[in-house]
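Please read the structure below before turning to the comments.
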Amino acid sequence: MASVLEKEIKKGIRLHDFYYLGKDLYCEKVRVREIVESVGTPVYIYSHRTIVEHYRKLAKAFRSVRPLICYSMKANSNLAILKSLIAEGAGLDIVSGGELYRALRAGCDPAKIVYAGVGKTKAEIEEAIRAGILLFNVESVPELGAIHRVAQSLKKKVQVSLRVNPGVDPNTHAYIATGKAESKFGLDLDTAHAIFVKREEYPSLSICGIHVHIGSQIVTGEPFIKALRKVLIFIASLEKEGYAIRYLNLGGGLGIIYSDERPQTADEFAKELLPLIGKKKFRLIFEPGRFIVGNGGILVTKVLYVKQTTMKNFAIVDAGMNDLIRPTLYDSHHEIWSLEKDEKKKKWVYDVVGPVCESGDFLARDRHLQEVQAGEPLALLSAGAYGFSMSSNYNARPRAAEVLVKGKEYFVVRKRETYEELIRGERIPSFLQSK
Ligand code: LLP
């Protein structure tokens with residue numbers, strides 16, 4: 001049975017806190033046009049409520065085991081978003097020294113930070129150890145050695161989880177599938193076991209956790225269950241051999257609605273997972289990114305020109321692949337809503353394309369949209385995750401502004417970049433300086 005939300009999404013009238021009131025598109029209690037008029041376009045607009053609610057849904061669904069939910073900040077690392085989630089009790093999942101810096105600047109308790117990624121540098125490892133993070137998620141034997149050596153030189157004992165690769169196909173886009181055997185991520189179970197056997201060789205490490213993340217935008221519970229079953233069997237065999245496991249980190253990957261997906265809810269997810277976990281002694285950790293912020297953001301862009309060719313109607317807009325690269329990179333779908341819905345207007349088929357000089361610079365192709373006009377703003381939905389955080393300055397385009405809406409108020413949480421900021425840090429070598 002379709003839920004009320006599903007029906008509303010199908011009709012194109014609501015996605016969580018983005019909805020039409022009369023003709024106008026709102027975010028929470030603010031008319032989106034009002035933001036666009038004062039901040040301009042392109043602009044990312046986030047709903048504080050949608051974001052916080054998604055965190056709460058997951059926390060509530062798993063409350064019986066009190067997991068540590070480390071928001072995966074690569075999805076969207078704006079300080080205001082981090083602070084909103086930290087205030088709810090979230091920890092953070094980081095993958096770089098830069099993310100550690102942002103996490104600490106946002107006031108995250110280091111004891112709630114977990115650090116993943118296949119290529120941590122010595123400097124990054126040292127910064128994280130000095131900060132006192134909870135766990136490193138280790139992805140290879142040489143990395144384990146590197147963390148051990150840095151810990152030894154700092155005279156610290158450091159907690160480590162081994163990221164295992166369970167060889168499960170998550171049925172998602174190839175670029176965001178990470179748990180298959182040929183992936184660069186994680187350790188196979190035999191190698192992970194061998195590390196436990198040799199753990200005496202790493203006296204500065206406490207190897208006390210298992211981490212698994214099989215991919216992203218996974219809409220059914222099945223791949224998670226398959227991976228969990230494999231990992232639980234592995235943990236049971238480790239425990240039999242006397243190795244204590246204190247943390248089981250199940251990663252992120254929960255899918256969201258982009259068009260007609262029907263992803264599992266947090267409750268459905270918990271109902272499937274919790275019976276398998278039972279009353280185990282380890283602390284459960286999750287690292288959701290997209291699930292928390294994905295539906296909580298839109299990208300608003302303005303139509304610059306409508307161009308008709310013999311083959312196509314192009315709506316040329318002021319946001320490009322540098323602002324939202326997901327359609328180009330993954331052929332991903334983002335719903336496009338007008339700021340003023342008018343059922344009487346004709347529908348046309350458009351390619352919505354950006355100003356960047358690349359054929360791959362499109363936001364939507366062959367999309368049925370209410371007739372658009374130059375000057376009109378359009379909203380791309382479900383752009384809260386991997387939108388701004390993957391944006392770039394390609395074509396020397398300043399990055400978009402970001403706005404956070406809370407109730408009746410809105411706040412610019414990142415100013416639009418200036419031209420001056422585009423060249424920050426660049427230097428003209430002396431031989432090119434005019435005398
Ligand atoms: N944990 C680890 C170890 C990860 O690698 C990721 C995402 C997450 C957690 C969070 O995954 P999520 O809950 O957001 O699915 N740029 C792509 C997604 C890349 C995901 C990378 N890793 C996209 O736009 O779809």
Side-chain angles (χ1 to χ4, degrees), residues 44 51 54-55 57-58 67-77 81 85 90-96 99 113-120 135-140 143 161-166 170-180 183-187 209-220 223-224 227 231 247-259 261 263-264 266 269 284-297 299 321 323-334 363 380-392:
Y44 277 94
I51 291 169
H54 278 82
Y55 173 83
K57 277 183 199 170
L58 202 59
L68 176 60
I69 301 178
C70 294
Y71 163 61
S72 190
M73 63 184 278
K74 64 176 81 65
N76 187 328
S77 61
I81 301 231
L85 292 165
L92 295 173
D93 158 43
I94 66 167
V95 287
S96 69
E99 284 195 350
I113 294 178
V114 294
Y115 188 174
V118 296
K120 306 171 185 87
L135 275 169
F136 283 91
N137 294 323
V138 170
E139 310 237 12
S140 68
E143 183 200 333
S161 267
L162 300 184
R163 176 171 180 178
V164 296
N165 188 337
N171 305 326
T172 185
H173 191 285
Y175 288 7
I176 52 177
T178 51
K180 294 209 265 183
S183 150
K184 73 170 174 177
F185 297 101
L187 297 151
I210 295 293
H211 173 227
V212 61
H213 170 83
I214 52 174
S216 206
Q217 184 56 13
I218 304 171
V219 289
T220 64
F224 289 106
V231 166
Y247 301 98
L248 172 57
N249 181 338
L250 291 178
L254 285 168
I256 62 160
I257 297 167
Y258 285 101
S259 57
E261 297 89 346
Q264 74 277 53
F269 186 56
L284 213 53
I285 302 177
F286 289 109
E287 300 170 337
R290 188 189 319 265
F291 177 80
I292 294 191
V293 291
N295 286 150
L299 169 63
M321 63 188 280
D323 298 295
L324 180 67
I325 202 171
R326 303 195 69 258
T328 307
L329 206 52
Y330 318 114
D331 221 359
S332 65
H333 177 103
H334 291 266
L363 299 174
L380 284 108
L381 273 75
S382 303
Y386 308 108
F388 187 90
S389 67
M390 292 180 83
S391 66
S392 77

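As the structure lists them, so they are numbered: ligands from 1, and atoms in each ligand from 1. Sequence positions, counted from 1, serve as the residue numbers for this chain.
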Which atoms of ligand 1 are found less than 4.0 Å from any heavy atom of Asp93? 1 (N), 9 (C)

Among Leu299, Leu363, Leu381, Leu324, the one residue meeting side-chain contact (heavy atoms from CB on, under 4.5 Å) with His334: Leu324

Relative to the heavy atoms of Pro288, which atoms of ligand 1 are at a distance of less than 4.0 Å? 13 (O)

Looking at Ser216 and Arg290, what are the two nearest heavy atoms and their distance? OG-NH2, 2.7 Å

If only atom types and distance count, is the side chain of Asn76 paired as donor or acceptor with the main-chain N or O of Gly384 below 3.5 Å? yes

Nitrogen or oxygen atoms of Ser72 and ligand 1 under 3.5 Å apart: no

Nearest heavy-atom pair of Met321 and Thr328: which atoms, and what distance? CB-OG1, 3.6 Å

Can you see whether Tyr115 has Lys120 sitting over its ring - NZ or CZ less than 6.0 Å from the centre and within 45° of the normal? yes

Is there side-chain contact between Ile325 and Ser391, with heavy atoms separated by less than 4.5 Å? no

Contact check, Phe291 vs ligand 1, heavy-atom distance below 4.0 Å: no

Have a look at ligand 1 and work out which part of Tyr330, if any, has a heavy atom under 4.0 Å from it: side chain, backbone, both or neither. side chain

Contact between Gly253 and ligand 1, counting heavy atoms under 4.0 Å? yes

With heavy atoms of Arg163 as the reference, note each atom of ligand 1 found under 4.0 Å away. 3 (C)

Distance (rounded to the nearest 0.5 Å) between Asp93 CG and Glu99 CD: 7.5 Å

Taking only non-hydrogen atoms of Arg290 and a 4.0 Å limit, the atoms of ligand 1 in range are 12 (P), 13 (O), 14 (O), 18 (C), 23 (C), 25 (O)

Check ligand 1 against Ser216 and write out every atom of the ligand that is under 4.0 Å from a heavy-atom position of the residue. 11 (O), 12 (P), 14 (O), 15 (O), 20 (C)

Which atoms of ligand 1 have any heavy atom of Glu287 under 4.0 Å away? 1 (N), 2 (C), 3 (C), 8 (C), 9 (C), 10 (C), 13 (O)

Looking only at distances, can you tell me whether any N or O atom of Ala75, backbone or side chain, sits closer than 3.5 Å to an N or O atom of ligand 1? no

Atom indices of ligand 1 within 4.0 angstrom of Gly252 heavy atoms, with elements: 9 (C), 13 (O)

Ligand-side contact atoms (ligand 1) for residue partner Met390, heavy atom cut-off under 4.0 Å: 16 (N)

side-chain contact (heavy atoms from CB on, under 4.5 Å) test vs Glu287 passes for just one of Asn249, Ile69, Ile94, Leu250, namely Asn249

Output for pair (Tyr386 OH, Leu329 CG), nearest 0.5 Å, gives 12.5 Å

